[in-house]
Amino acid sequence: MKTSIVIVDDHILIAKALSSILANFDQFEVLYECENGKELQDRCQHPKNVPNVVLLDISMPIMDGFETAAWLKATHPEVLIMALSMQNDEQSLIKMIKSGAKGYLLKNVHPTALAEALNYLVKNGYYYPEWAANKVFSSLCNESKESDKKDLFSNREKMFLRFTVTEMSYKEIANQMNCSTRTVEGYRDSLFEKLELKTRVGLAVYAIKNGYDS
């Protein structure tokens, strides 16, 4: 069975290019293209127009990628969202994850890499490039026992985890925690070691999964 895909991007030429690329792979079927989330909402009123996967641009007029992802998560949780961006921006990635995206790709991705990413997304329920800490997103999509790890966190580390999902810089986090930037970096490095992670994105995903973002 083919994987049905809808492309949501206000850049018509990019949407057409993606459709052309996907047409070269037998396992995919592009149902239609939309220029924004509102158009997707309207089209999805008919059950036959609800796809398996949505390739979703982040920056769009009327209804952007964040709003669209949140709507899909609430109304069609079975739809897998692959976010599309022009740059590997950590903050946008974190915000898209919180909104419901299960994958993240740059728009200049090679056609073969695009197909591989979509296949991985459909098979595993998530896909993120190496820089976005694949290992972390695997744990996000699979149940695991985290209580032992949580017991290892100090109260200050738990406080720091809550700030990792914000758009604050480490310096701004330090100001909020009434400590030095070096101390905040110490909390970060300690959590990196305890959780076996390497990036702030990884910490943010862990925080979201385990309720530290509320």
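Numbers here are sequence positions counted from 1.
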* Asked: Just how far is it from atom CG of Asn124 to atom CG of Leu80, taken to the nearest 0.5 Å?
  -> 10.5 Å

* Report yes or no: does Asn36 contribute a side-chain atom to a donor-acceptor pair with the main-chain N or O of Lys38 at less than 3.5 Å? => yes

* From CZ (Arg156) to CE (Met159), nearest 0.5 Å -> 5.0 Å

* Pairwise side chain to side chain donor-acceptor pair (under 3.5 Å) hits with a residue in residues 10-26, at least two apart -> Asp9-His11, Lys16-Glu33, Ser19-Glu33

* Structure fact -> Rounding to 0.5 Å, atoms CD1 (Ile5) and OG1 (Thr3) come to a distance of 6.5 Å

* **Point-to-point distance, once rounded to the nearest 0.5 Å, from CG of Leu118 to CD of Glu116** => 10.5 Å

* Asked: Taking the side chain from Glu157 and the backbone from Ser154, do they hold a donor-acceptor pair closer than 3.5 Å?
  -> yes

* Which value, rounded to the nearest 0.5 Å, describes the distance between Thr183 atom OG1 and Asn178 atom CG? -> 11.5 Å

* **Exercise: identify the closest heavy-atom pair between Lys171 and Thr181** => CA-OG1, 3.7 Å

* **side-chain contact (heavy atoms from CB on, under 4.5 Å), paired with Leu84, selected from Leu18, Ile14, Leu114** => Leu18

* To do: Validate the cation-pi geometry between Arg182 and Tyr170: distance from NZ or CZ to the six-membered ring centre under 6.0 Å, angle to the ring axis within 45°.
  => no

* Cys44 versus Val50, closest heavy-atom pair with distance -> O-CG2, 3.8 Å

* Do the side chain of Arg200 and the main chain of Thr164 share a donor and acceptor less than 3.5 angstrom apart? -> yes

* To do: Go through the structure and list residues passing salt bridge (charged side-chain N to carboxylate O under 4.0 Å, His left out) with Lys2, not counting sequence neighbours.
  => none

* Asked: Looking just at side-chain N and O atoms, do Tyr127 and Tyr104 make a donor-acceptor pair shorter than 3.5 Å?
  -> no

* To do: Decide whether a cation-pi geometry holds between Arg43 and Tyr32; the criteria are a distance under 6.0 Å from NZ or CZ to the six-membered ring centre and an angle within 45° of the ring axis.
  => yes

* Asked: Is there a donor in the side chain of Ser4 and an acceptor in the side chain of Asn52, or the other way round, less than 3.5 Å apart?
  -> yes

* Any side chain to side chain donor-acceptor pair (under 3.5 Å) involving residues 53-81? Give me the pairs, sequence neighbours left out, ordered by first then second residue. => Asp57-Lys107

* Answer whether the closest heavy-atom distance between the side chains of Val8 and Leu55 falls below 4.5 Å. => no

* Find out whether the Lys NZ or Arg CZ of Lys158 is both under 6.0 angstrom from the six-membered ring centre of Phe153 and within 45° of the ring's axis. => no

* Would Lys102 and Ile81 count as a side-chain contact (heavy atoms from CB on, under 4.5 Å) if you check the C-alpha gap in whole Å, the side-chain angles of each, and the deciding distance to 0.1 Å? -> CA-CA 5 Å; Lys102 298 298 184 183; Ile81 303 169; 5.7 Å; no

* To do: Could you tell me which non-hydrogen atom of Met60 sits nearest to which non-hydrogen atom of Gly65, and how far apart they are?
  => CE-N, 3.7 Å

